[in-house]
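First up is the structure itself, then whatever we jot down about it.
Labels below follow one simple rule: chain letters A, B, ... track the order of the sequence lines, proteins then strands, and each chain is numbered from 1.
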Amino acid sequence: MTKTYDPEAIERAAREYWDAHRCFEVDEEPGREKFYCLTMFPYPSGQLHMGHVRVFTISDVIARYQRMQGRHVLQPMGWDAFGLPAENAAIKHGVPPAEWTYRNIDYMRGQLQRLGYAYDWRREIATCRPEYYRWEQWLFTKLFEKGLVYRKNAVVNWDPVDQTVLANEQVINGRGWRSDALVERREIPQWFMKITAYADELLADLDRLDGWPEPVKIMQRNWIGRSEGVELTFDVEGEAEQLSVFTTRPDTLFGVTYMAVAAEHPLAERAARGNPELAAFVEEARHTQTAEASLETMEKKGKPLGIFAIHPLTGEKLPVWVANFVLMSYGTGAVMAVPGHDQRDFEFAQKHGLPVKQVIAPADGSPVDLSQRAYVEHGVLVNSGPFDGQGFEEAFDAIAARLEADGRGRRAVHYRLRDWGVSRQRYWGTPIPIVYCEACGALPVPEDQLPVVLPEVVKFTGAGSPLKQMPEFYETSCPKCGGPATRETDTFDTFVESSWYFARYCSFDNNQSMLDEREAYWMPVDQYTGGIEHAILHLLYSRFWQKLMRDFGLSGFDEPFTNLLTQGMVLKDGAKMSKAKGNTVDPQQLIDRYGADTVRLFMMFTAPPEQALEWSDEGVQGAHRFLKRFWNAVQRFAEAEAPPPLDADALDEAQKELRRKTHRTITKVSDDVGRRYTFNTAVAAVMELLNAVQRFDDESPAGRAVVREALETSVLLLSPIVPHIGHALWQALGHASAAVDQRWPVADAAALEEATIEIVVQVNGKLRGRIQVAADADAAAISEKALADDNVRRFVADRVVRKKIVVPERRLVNLVV
RNA sequence: GCCGGGAUGGCGGAACUGGUAGACGCGCCGGACUCAAAAUCCGGUUCUGGCAACAGAGUGCGAGUUCGAUUCUCGCUCCCGGCACCA
């Protein structure tokens, strides 16, 4: 009787083998080629979701494949453990965030182990542990000393009812998600990291990241947004204050017809005093949201301040408006408006009856219609006094030089990238290691007083951070003068923890320093895999921290991730699967019912990794059915007497054909898994091979020897994807050594040779026939045979063959008649 | 709004460098086994016409380049991701 496929039992046995032999615990072996395989670590939300299973499986397949290639593979796992959901759970269920988080980690670790991932669990880290976050506190204090962090005011979403700062996610249609109160914009002092100091390098090094997807590099380039332009100042009539603006189009300077400032701009605030209508507008503008998407899509509104700026070159009077789409915190809080040549300025001018002035004309002299839209192309200057007739470059230089000579401006490079605000007014995060002293100001916590430990036992109400109610936390003494001082109660943005964890895995147990020489062995990460949603922020911050760590002598590498694979979302009913949307499918139920291998196989087979994966419950059974067939085929083979060794020279045609299929499959799967990362087509290829084996009816010793080769090959090729069944079947085929320690199969070139090939024949690009020719047939022989084909002759008939296109390597002939 | 991506049978997807559209799987239909069902196995399955051989149409929409376009170019539509405090 054939043993039935029992995933529960065989998966347990395989795990026990890997654990007992410490297969995935790796230490540095200088001189041996390493492969650091990493996924973006999970937030411990409670249970694994399908997105986790997908990304971890992709990475595990790559890690196991690389191991079979003979490389020394490190694959660690950890927890991005700080974050908002823990606070929400605390509010909802009254469980302290720490307790909730540790409980989730314990549960999810069990789930990961059940899925059979090849992790070195000794290296597990959780970012909420002081042993971890102490090092980012330490580096932050070093950055402080170097002037790479600073404090300034920045805007937050303020919920006036809950008296708390809201994340953008918690603002629904301009209202607080719990209070439903109208959210206000409020400026508070916050800590910033000077990522803009690295803007040029972050931009330039993208060109060297050959292993990154092009779209990700383009998005990062656009995000950094380097632009060359001119900074200039406008005098304001009757005011001491000047308006500073930046423009990338100094060539349009003569087309400025008005200025716009933010609601918080001092000019607007002053004008609003004693003008109730203006005051109301300024107040209303305070309620716009902080998210850029809302700013860009909201109705553009404005009011004239009754103040006039003076054009720096013409002396014209330009009305100054307050506008809701200009933000005080980005740039200078003021913009010059050129409605003739900027579409947003144009729309605003049309709405408010402001003049539109043409100062650029097409170089070919064709007319411009400024009644419908702005003309935004480069061109030749008109209506621009001494600069008329100049092109973009020439005018840019000349106007910049003129402003510079007048002391009214200078050329400048600006970035869209803004410094990284790392302060969060939340409890469940890394305490920012700063002390405030009345006499000495803001000071970093001295190294010997680190870490600043976050108290884990707290009363959590949801109204503000509990740290603000804990004098035992915030009361301290000044490290400089020894007088009374208070600690910063804000915590770091959780992106800080995830910006360097990849390096810490290498030095996970060092309590003397952040990183050590082991980092030099393992870093950089050879393969990093994670969701496409992290294409900009997480990946950019990580690149930034890598450069910081390099500049502080902690690392020798410029970039953290050599190759990047961005995995698509798991969608359900067209939307991202998430708890918030309530459309999750629990992987645990599928694991319990079908086993880890079925879930892994289904995930890899259903879609290529970079594509969004639309979930469907059907198909899981198909994956399970395939594993059962696979299992039964190998078991049936193993029960019969073992065939003699394969003699490749003594095979009949059918045996040669199956053997050719086996070796073609090796070629195909090696390319799919090793280069293309298209695991779906790799699985399909092995399925085809198994279909061929099942159709192959030959019980002779030579036939069985060919089947054995096909089955052993299938087991090895699939073992990175379904490692448990791979482990069991490799044993069943009579091997004493474990599948996990086997080398990846190599195709035999001799087995791939074939005598004849099929050529498709087209007439005028349409398929009309197929012919068999010798593999080494020349073009003349091929076209002669093509013209002899019955169906081809029908379509050629008595017409003249004008052109014969013979493409032997594509196995195609096209006859143009 | 801006940046990036996507759209192929009833469904997930394949076609990698411009060269056979629909591999592989799901579902469905038919058959075998069974008292019966499940499971399993065999066959069929883009649409239209045809007993068939085969023919015509067909890769979101509209143009274009080419002997030949799912693939390249231009212009659209819809969907997804990101937009700096979700992670």
Side-chain angles (χ1 to χ4, degrees), chain A residues 40 42-43 45 80 82-85 154 156-157 165-171 190 213-216 218-219 221-223 225 290-298 325 343-344 416-421 423-426 493-495 498 531-538 540-541 566 568-569 571 574-576 578 580 602 605-608 610-616 618-623 625-626 628-629 632 671-672 675-676 678 680-681 683-688 691 694 758-762 764-767 770 790-791 794 802-805 807 809-817:
Chain A
M40 294 178 189
Y43 177 79
S45 56
D80 188 14
F82 278 134
L84 212 45
V156 293
N157 301 307
V165 174
L166 298 178
N168 284 337
E169 187 189 56
Q170 300 171 314
V171 180
Q190 307 201 52
E214 205 55 42
V216 174
I218 294 170
M219 280 191 270
R221 241 173 239 132
N222 293 339
W223 184 263
T290 56
E292 189 187 310
S294 338
L295 282 171
E296 292 285 336
T297 49
M298 74 187 176
F325 56 86
Q343 189 57 24
R344 189 182 68 180
R416 210 187 74 93
L417 179 68
R418 305 195 297 266
D419 276 337
W420 177 13
S423 294
R424 296 293 179 271
Q425 297 69 47
R426 311 207 193 288
D493 178 2
T494 57
F495 273 124
S498 57
I532 182 66
E533 67 272 25
H534 294 295
I536 296 174
L537 291 178
H538 162 61
L540 192 64
Y541 292 150
T566 49
M569 306 263 157
L571 310 174
K576 179 180 174 177
S578 71
F602 170 71
F605 180 59
T606 300
E610 304 212 271
Q611 254 179 55
L613 185 155
E614 177 73 36
W615 179 265
S616 78
E618 301 122 3
V620 180
Q621 285 184 44
R625 193 178 306 156
F626 170 75
K628 274 197 284 191
R629 278 207 298 144
N632 291 335
D671 191 46
D672 286 352
R675 177 183 67 92
R676 295 210 304 154
T678 51
N680 54 330
T681 52
V683 172
V686 180
M687 284 175 169
E688 278 190 62
N691 288 342
Q694 306 213 302
E758 186 183 79
I759 299 262
V760 299
V761 185
Q762 297 179 336
N764 286 347
K766 287 199 182 253
L767 176 65
R770 294 160 195 276
D790 284 350
N791 203 46
R794 272 180 53 208
R802 285 176 31 215
K803 209 168 177 182
K804 292 177 199 164
I805 296 152
V807 195
E809 62 275 17
R810 294 285 191 182
R811 302 189 171 189
L812 174 135
V813 175
N814 189 14
L815 302 169
V816 185
V817 301

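- Applying the 90° criterion around 0 to the glycosidic angle, G9(B) comes out syn.
- Looking at the side chain of N222(A), the nearest of the listed nucleotides A84(B), G4(B), A14(B) is G4(B).
- Side-chain to base pairing of Q190(A) with C85(B): one donor and one acceptor N or O lie within less than 3.5 Å of each other.
- Comparing T606(A) and N691(A) along RNA chain B, the residue whose closest nucleotide (by nearest heavy atom) sits nearer the 5' end is T606(A).
- A donor and an acceptor atom sit less than 3.5 Å apart, one in the side chain of N814(A) and one in the base of C67(B).
- The interatomic distance linking N764(A) (CG) with G68(B) (C1') rounds to 10 Å, in whole Å.
- When heavy atoms are screened at a 4.0 angstrom cut-off, A293(A) is found touching base atoms of the nucleic acid.
- A donor-acceptor contact under 3.5 Å is not formed by the side chain of Q170(A) with the base of C86(B).
- Between the side chain of R629(A) and the base of U40(B), no donor-acceptor pair of N or O atoms lies under 3.5 Å.
- One interatomic measurement links the two molecules: CZ of F605(A) to P of C26(B), which rounds to 8 Å at whole-angstrom precision.
- The separation between H534(A) atom NE2 and G82(B) atom P is 9 Å, rounded to whole Å.
- For R675(A) against C16(B), a side-chain-to-base donor-acceptor contact under 3.5 Å is present.
- If you check every strand for non-hydrogen atoms under 4.0 Å, R625(A) touches sugar and phosphate atoms only.
- Atom P of nucleotide A7(B) and atom CD of E610(A) are separated by 13 Å, given to the nearest angstrom.
- Atom P of nucleotide C83(B) and atom CH2 of W420(A) are separated by 14 Å, given to the nearest angstrom.
- Backbone-only engagement by L84(A) is indicated by non-hydrogen atom pairs under 4.0 Å involving sugar-phosphate atoms exclusively.
- Across all strands, E533(A) comes closer than 4.0 Å to base atoms (heavy-atom distances).
- Within 4.0 Å of T678(A), counting heavy atoms only, lies no atom of the nucleic acid at all.
- Counting any heavy atom pair closer than 4.0 Å across all strands shown, V760(A) reaches a base atom.
- To the nearest angstrom, P of A87(B) lies 11 Å from CG of L537(A).
- Nucleotides G1(B) and U65(B), compared at atom P, are 32 Å apart to the nearest Å.
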